[in-house]
Amino acid sequence: MQSTMSGQSIIDRALAAYAGCTTYADEGEFVLDSPGVAGLGGFRDVRPFRTRFIRPGRVLFGFDAHVQPGKRGTPPPAFALWTGAGPGPVRWWWNLASRITEAPDATIPISAATGISGGTAAMLVPTLLEMDDFPGLLESVIDARAQASEEAEVLGERVGCDVVLARHPAAPDEDIRLSFDARTGLLVRIEQRTGKDLEITSIRPRTDGAVNEDELVFTPPANSRGTWWGRMVQRVFMS
């Protein structure tokens, strides 16, 4: 069934939901499927992520190292950014540098993590933090077109969704398929094809529930040592 709302109205409804929530939490998964060339060199990359947020500015976003197909166990953390209880710097950690770095705001950490996180770092954190100078995905898309409503698979569940096709100014020829939970208005799935590669981001969100203090603090793993070139890259390009 075709949605009765326009594409931009669906996006605006989502933005209003994020702006009006007192807390936000999600678990998600970025998946890249690449067939390779002529069937050779194909791979699947899976990166779990999570967000915790308490208005006005407490946030933790982190994503884990890629999951090897068939491998059991929880993947180790790869990146995290988080803020303290009061005014102060944004702290962030990257497993290849294995040290905590501080920044005056979230712009540098999010910029540093966007590519290596499959874009999930810049997806909703700027929206929640109301970063006017660094818009999130939903504030950035153009040419939003409502599609027929459908059930989408989100982390093993079927969710009734309002669907929008849109484009990003950085890739104006590629459609991004955005699925929003029809009940809550929140973004639950992003699908984008670049050439033969398929990227799917699945999100299980909740708003206005309890977010505990220990969910807003990141403690680097004790056995993470990083690499010399990771520390060099972070020092030169990410600070």
Side-chain angles (χ1 to χ4, degrees), residues 15 18-19 21 23-30 32 45-67 75-141 168-170 187 190 199 201 203 205 211-222 224-239:
L15 290 172
Y18 295 118
C21 68
T23 67
Y24 172 86
D26 68 31
E27 280 78 35
E29 190 175 79
F30 167 79
L32 167 62
D45 190 16
V46 181
R47 294 179 182 267
F49 64 88
R50 65 270 181 202
T51 310
R52 298 292 185 271
F53 170 76
I54 298 178
R55 194 167 302 282
R58 294 294 308 281
V59 69
L60 182 145
F61 169 83
F63 69 90
D64 297 332
H66 66 276
V67 178
F79 179 93
L81 70 88
W82 66 102
T83 57
V90 176
R91 295 174 175 85
W92 59 291
W93 175 90
W94 184 39
N95 64 340
L96 294 186
S98 193
R99 65 182 183 188
I100 295 175
T101 302
E102 294 185 350
D105 58 40
T107 301
I108 289 175
I110 293 174
S111 299
T114 295
I116 55 177
S117 70
T120 57
M123 183 175 61
L124 292 175
V125 173
T127 300
L128 294 167
L129 293 178
E130 299 179 328
M131 297 171 62
D132 294 335
D133 295 332
F134 194 110
L137 173 66
L138 297 183
E139 295 95 331
S140 302
V141 294
H168 194 280
L187 182 65
I190 306 167
E199 299 178 359
T201 302
I203 313 147
V211 174
N212 299 323
E213 179 66 27
D214 59 1
E215 297 180 89
L216 290 161
V217 177
F218 177 79
T219 302
S224 179
R225 297 184 178 181
T227 64
W228 68 267
W229 63 268
R231 290 187 286 272
M232 180 182 68
V233 168
Q234 187 179 41
R235 183 169 60 250
V236 175
F237 298 104
M238 299 184 176
S239 61

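These numbers come from a predicted model, not from an experiment.
For the pair S98 (side chain) and N95 (backbone), a donor-acceptor distance under 3.5 Å is absent. A donor-acceptor pair under 3.5 Å is absent between the side-chain atoms of N212 and the main chain of D214, judged by distance alone.
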For a side chain to side chain contact (heavy atoms under 4.5 Å, CB included) check, start with the C-alpha distance between M123 and I203, then their side-chain angles and the critical distance, and finish with the verdict. CA-CA 11 Å; M123 183 175 61; I203 313 147; 3.8 Å; yes
Run the side chain to side chain contact (heavy atoms under 4.5 Å, CB included) check on R55 and C21 step by step: do they pass? CA-CA 8 Å; R55 194 167 302 282; C21 68; 3.7 Å; yes
Kindly determine whether E215 and R58 satisfy salt bridge (Lys or Arg N to Asp or Glu O under 4.0 Å), including the steps that lead there. CA-CA 10 Å; E215 297 180 89; R58 294 294 308 281; over 6 Å; no
Intermediate values then yes/no, side chain to side chain contact (heavy atoms under 4.5 Å, CB included), F134 and L129: CA-CA 10 Å; F134 194 110; L129 293 178; over 6 Å; no
List the steps, then state whether side chain to side chain contact (heavy atoms under 4.5 Å, CB included) holds for V59 with I54. CA-CA 6 Å; V59 69; I54 298 178; over 6 Å; no
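When every heavy atom of E102 is checked against every heavy atom of P89, the shortest pair comes out as OE1-CG, 3.5 Å. Summarising the geometry of S140 relative to P169, their closest heavy-atom pair is O-CD, 3.2 Å, with the distance given to 0.1 Å. Closest approach of L187 to Y18, counting heavy atoms only: N-OH, 2.9 Å. For V90 against A106, the heavy-atom pair with the smallest separation is CG2-N, 3.7 Å. When all heavy atoms of A121 and I110 are compared, the pair lying nearest together is O-CG2, 3.6 Å. Residue P126 comes nearest to G136 through the heavy atom pair CB-N, 3.7 Å, listed as atom of the first residue, atom of the second, then distance.
In this structure the side chain of L137 never reaches within 4.5 angstrom of the side chain of L124, judged on heavy atoms. Looking at P75 and H66, their side chains never come closer than 4.5 Å, going by heavy atoms from C-beta outward. L60 places none of its side-chain heavy atoms less than 4.5 Å from the side chain of V217. Residues D64 and R50 meet the side-chain proximity criterion, which asks for heavy atoms closer than 4.5 Å. A heavy-atom distance below 4.5 Å is found between the side chains of T201 and F49. With a 4.5 Å cut-off on side-chain heavy atoms, P221 and P76 do not count as touching. At a threshold of 4.5 Å between non-hydrogen side-chain atoms, the residues F61 and T120 count as touching. For the pair D133/T107, no side-chain contact is recorded, criterion being any heavy-atom separation below 4.5 Å from C-beta on.
Rounded to the nearest 0.5 angstrom, L216 CG and T23 OG1 are separated by 10.0 Å. Atom CH2 of W94 sits about 5.5 Å away from atom CD1 of I116, to the nearest 0.5 Å.
Note on E27 versus R52: salt bridge recorded, some NZ/NE/NH1/NH2 to OD/OE distance being below 4.0 Å.
Judged as a side-chain hydrogen bond (donor to acceptor under 3.5 Å, both in side chains), and not counting sequence neighbours, T83 has no contacts. Under the side-chain hydrogen bond (donor to acceptor under 3.5 Å, both in side chains) criterion, T51 pairs with D26, not counting sequence neighbours. The side-chain hydrogen bond (donor to acceptor under 3.5 Å, both in side chains) check on E139 picks up T127, with sequence neighbours excluded.
For the ring pair (Phe, Tyr, Trp, His ring centres under 6.0 Å) with F63, the lone residue among F79, W93, W92 that qualifies is F79.
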